[in-house]
Q: 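So that we are looking at the same thing, I have put the structure below in C-alpha cells.
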Amino acid sequence: MTTSLPRQDRIRRALELLRNETTDKFDDVVPFTAEEFTDPVLAQQERDHIFGRVPSIVAHGSELAKPFDFLTVQMPRNNVIVVRQRDGGIKAFVNLCRHRGAMLEDSEKGRCRFFSCQYHRWSYDPDGSLRMITRDNTFGEVDRKERGLIELPCEERHGFIWLVDNAHATIDVADWLGPDMDAILAGYRLDELHCVRSAGFDEPTNWKIMQDAFLDGYHIQYAHPNTAGKIIHTNVMAFEDFGRHCRFIAPRKSIDRWLEEDPGEENLDRYVTETHFLLPNSTLLRQPDHFQLLTFRPDISDPAKSRMEQRLIVPPVERSGMTEEHWNKVWDKNWQILLAVLHNEDFPLLRNSQRGMASADAGDMLLGRNETANQVFRRETKKLLAEGTVES
Ligand code: FES
Ligand SMILES: [Fe+2]
C-alpha cells in the first residue's frame, strides 16, 4: 500500500487507476455472516468494547459556540449532555438526575445557566456540580460533592468533540488517531470551519450496514445512477491504510478531461473527493470546497436500529466572500441534495439489507478486494471486540 504521498501525487495515482480501469485492492475476499448485523450479544459487546473504550465524534465545536451551549446525544451506552464551559472547555455528563434518575434535559440543544430536573427540581451547574436540593431541610444529610452529574471523558480536537461512552474510561484523541491521521486532520484546520447544517436520522438498520454504505465506492453508479453516479467515478479508489483509520481518493467525472492529456503541474484538487474513515463510526468527506461528516451509532439495545448523523462543515460566512443570504442559499441547496440522496436512494436500500439479514438461511456473504475501506472497518472492529473481550 502506498502511504503518505503528497496529495497531488495521490490524485495522479487515482487518475492512473482510472486510466487502467482498476482500483487499489485489499489482500483477500472475506466472507461474513448475517449474525454480525442481528446478534444481540454481539451488539452488546460492540457497545461496551467499542463505544465504551474508544473516542468517537459527537459534534463539531461550532455547534456549541458559546459558554453554556449544550446538546444532548443518545450514545450506545449512555444518554449524554455535552456542555461548553465558562472557560471554553467542554464537559460531558450522563443525562440523568442523581436524585431518582429522571432525565435531566430533553431538548436536543440549547443554552443553560444551570440544569433543573423537572421531577423535584434539583439543579446542577453547567460544570456538573449539584447546585440545589429542594426542601433540603427535610431531605436529610447528603454529601453534595459526591452527587454531581456523572462525567464522561470528552475532548475537543481538530474542531470536533469526541467522547468515550464510559464514565470509567479515559480519553486521548491524538493517541487514538495515531500520528498519520492526527496530522491529516490537523492539516484541514477543521476548527476554523462552521457546521452550517446538521441532522440525525433513526433508521431500522444495523449501524455497521449504515457505516459500510458510506465507505463504499463500488455501489455508486448502480444505487445512485442519476445523482452521485453522474458526478463521481465508481470503483476507482486510491487507498491508504493507516492500520486503524484509512482514506481513499475517488476521482470525479470532471477529471475525465485529463484522461488523455497530461495534467502537468495543474492542481487537481477540484477533480476528486477524499473519504476518510475514522474508526469506529465516522466518514469524513473532503469535497473541493467543504467537508461532510457522517456518523453512525448503534441503538442502546436493538441490533437492528441505529442513528446516523450528517453534518455539513464549511468555511464561515466571513471567509466565504458571500453575503450571509447567498451563503445560506448555497449550502441549503447542497444540503437538500444530500438529504434527497439519503432518503430516496441509500436508506430504502439499507433498510432492505437489514430485512434480508434477518433471514434464517442467509448463508455467508462476501466483501471483495475492491471494498478496501469496508475491509478496514470490519478488520478493526473485530480487533476492538477481541481486545475488549480479553480485557473484560
Ligand atoms: S429525580 Fe431529579 S429532582 Fe428528583
Ligand atoms: Fe450510497
Side-chain angles (χ1 to χ4, degrees), residues 36-40 42-60 63-64 70-82 92-96 103-110 152 154 160-166 195 197-216 276-285 291-313 335 338-355 357-358 374 377 381 384:
E36 293 181 28
F37 307 98
T38 58
D39 178 8
L42 177 68
Q44 169 88 52
Q45 289 169 344
E46 288 174 347
R47 293 193 295 272
D48 290 344
H49 301 327
I50 299 179
F51 293 88
R53 270 179 70 219
V54 309
S56 62
I57 300 173
V58 294
H60 186 261
E63 295 169 71
L64 300 175
F70 71 86
L71 57 84
T72 57
V73 48
Q74 176 63 67
M75 291 297 286
R77 304 177 81 245
N78 288 294
N79 247 296
V80 179
I81 311 180
V82 184
F93 306 103
V94 179
N95 185 3
L96 171 118
M103 189 186 268
L104 196 54
E105 184 56 63
D106 58 7
S107 27
E108 265 180 37
K109 49 183 18 184
L152 294 164
C154 181
F160 293 122
I161 296 166
W162 309 70
L163 184 97
V164 183
D165 188 14
N166 181 350
C195 178
R197 294 284 183 284
S198 72
F201 317 101
D202 293 302
E203 282 294 303
T205 309
N206 181 277
W207 72 285
K208 299 193 301 294
I209 290 182
M210 298 287 286
Q211 172 69 78
D212 266 330
F214 297 89
L215 296 173
D216 183 327
H276 309 68
F277 170 56
L278 305 173
L279 186 70
N281 70 333
S282 296
T283 295
L284 178 68
L285 296 165
F291 290 84
Q292 214 180 315
L293 179 78
L294 313 170
T295 51
F296 307 90
R297 282 183 211 113
D299 182 72
I300 200 155
S301 63
D302 186 345
K305 286 188 189 160
S306 62
R307 182 174 177 85
M308 168 180 179
E309 287 173 1
Q310 170 165 265
R311 293 179 160 82
L312 195 57
I313 298 166
W335 182 246
L338 294 173
L339 291 184
V341 172
L342 286 182
H343 289 290
N344 303 336
E345 299 174 16
D346 286 305
F347 290 168
L349 201 67
L350 303 176
R351 285 175 206 143
N352 282 346
S353 293
Q354 187 69 34
R355 289 180 60 205
M357 297 292 182
N374 306 88
F377 174 43
T381 43
L384 287 174

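Computed from a predicted model, the values in this text were never measured in an experiment.
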Q: Give, for atom NE2 of His343 and atom CG of Leu338, the distance between the pair rounded to the nearest 0.5 Å.
A: 10.5 Å

Q: Walk me through it: do Gln211 and Thr283 pass the test side chain to side chain donor-acceptor pair (under 3.5 Å)?
A: CA-CA 8 Å; Gln211 172 69 78; Thr283 295; 2.9 Å; yes

Q: Okay, side chain of His276, backbone of Leu284: is any donor-acceptor separation there less than 3.5 Å?
A: yes

Q: If I take atom CG from residue Asn281 and atom CD1 from residue Ile50, how far apart are they, to the nearest 0.5 angstrom?
A: 9.0 Å

Q: With a 4.5 Å heavy-atom cut-off, do Trp335 and Gln310 have their side chains touching?
A: yes

Q: If you compare all heavy atoms of Ser56 against all heavy atoms of Met75, which two are closest, and at what distance to 0.1 Å?
A: OG-CE, 3.7 Å

Q: Could you tell me which residues satisfy side-chain contact (heavy atoms from CB on, under 4.5 Å) with Pro76, sequence neighbours excluded, listed by chain and number?
A: Arg47, Phe51, Asp165, Arg297, Pro298

Q: If you round to the nearest 0.5 Å, how far is CG of Asp39 from CE of Met357?
A: 13.5 Å

Q: May I have the step-by-step check of side chain to side chain contact (heavy atoms under 4.5 Å, CB included) for Glu108 and Val73, ending in yes or no?
A: CA-CA 7 Å; Glu108 265 180 37; Val73 48; over 6 Å; no

Q: Do Leu312 and Phe291 have side-chain heavy atoms sitting under 4.5 Å apart?
A: no

Q: Do Lys208 and Phe296 form a cation-pi contact, if we require the NZ or CZ to be under 6.0 Å from the six-membered ring centre and within 45 degrees of the ring's axis?
A: no

Q: Looking at every heavy atom in both Thr72 and Ser107, which two are closest together, and how far apart are they?
A: OG1-O, 2.9 Å

Q: Kindly indicate whether the side chain of Ile161, heavy atoms from C-beta on, has any atom under 4.5 Å from the side chain of Leu64.
A: yes

Q: Among all residues two or more places apart in sequence or in another chain, which pass the salt bridge (charged side-chain N to carboxylate O under 4.0 Å, His left out) test with Arg351?
A: Glu203

Q: Heavy atoms only: give me the nearest Pro280-Pro55 pair and the separation to one decimal.
A: CD-O, 3.5 Å

Q: Can you tell if the side chain of Thr38 reaches within under 4.5 Å of the side chain of Asn206, non-hydrogen atoms only?
A: no

Q: Of the non-hydrogen atoms in Asn78 and Asn166, which two are nearest, and what is the gap between them?
A: ND2-N, 4.3 Å

Q: If you look at every heavy atom in Thr205 and Ser306, which pair is closest and at what distance?
A: O-OG, 2.7 Å

Q: Cut-off 3.5 Å, side chains only: do Glu46 and Trp207 have a donor facing an acceptor?
A: yes

Q: A side-chain contact here means heavy atoms from C-beta on lying under 4.5 Å apart; do Gln292 and Arg311 qualify?
A: no

Q: Could you check if a side-chain atom of Glu105 sits within less than 4.5 angstrom of a side-chain atom of Met103, using non-hydrogen atoms only?
A: no

Q: Which atoms form the tightest heavy-atom contact between Pro348 and Asn344, and what is the distance?
A: CG-O, 3.6 Å

Q: Just how far is it from atom CG of Leu215 to atom CG of Asn374, taken to the nearest 0.5 Å?
A: 5.5 Å

Q: Could you grab the distance from atom OG of Ser282 to atom CZ of Phe214, nearest 0.5 Å is fine?
A: 12.5 Å

Q: Run the salt bridge (Lys or Arg N to Asp or Glu O under 4.0 Å) check on Asp299 and Arg307 step by step: do they pass?
A: CA-CA 7 Å; Asp299 182 72; Arg307 182 174 177 85; over 6 Å; no

Q: Go through it in stages, so that I can follow the logic: the residues are Leu350 and Met210, the test is side chain to side chain contact (heavy atoms under 4.5 Å, CB included), and I'd like the CA-CA distance, side-chain angles, deciding distance and then a yes or no.
A: CA-CA 7 Å; Leu350 303 176; Met210 298 287 286; 3.9 Å; yes

Q: Any chance you could lay out the side chain to side chain contact (heavy atoms under 4.5 Å, CB included) test for Asn95 and Val80, step after step, and finish with the verdict?
A: CA-CA 5 Å; Asn95 185 3; Val80 179; 5.7 Å; no

Q: Could you give the distance from OG1 (Thr381) to CD (Glu36), rounded to the nearest 0.5 Å?
A: 8.0 Å

Q: Is there a side-chain contact between Leu384 and Arg53 (heavy atoms, below 4.5 Å)?
A: yes

Q: Please work out which of the three classes, parallel, tilted or perpendicular, describes the rings of Phe277 and Phe377, given edges at 30° and 60°.
A: perpendicular

Q: Within the structure provided, determine whether Val94 and Leu152 are in side-chain contact (heavy-atom separation under 4.5 Å).
A: yes

Q: Do Asn79 and Gln74 pass the side chain to side chain donor-acceptor pair (under 3.5 Å) test, and can you show the C-alpha distance, the side-chain angles, and the key distance before you say yes or no?
A: CA-CA 5 Å; Asn79 247 296; Gln74 176 63 67; 3.1 Å; yes

Q: So, does Glu345 use its side chain to make a donor-acceptor pair with the main chain of Leu342 at under 3.5 Å?
A: no

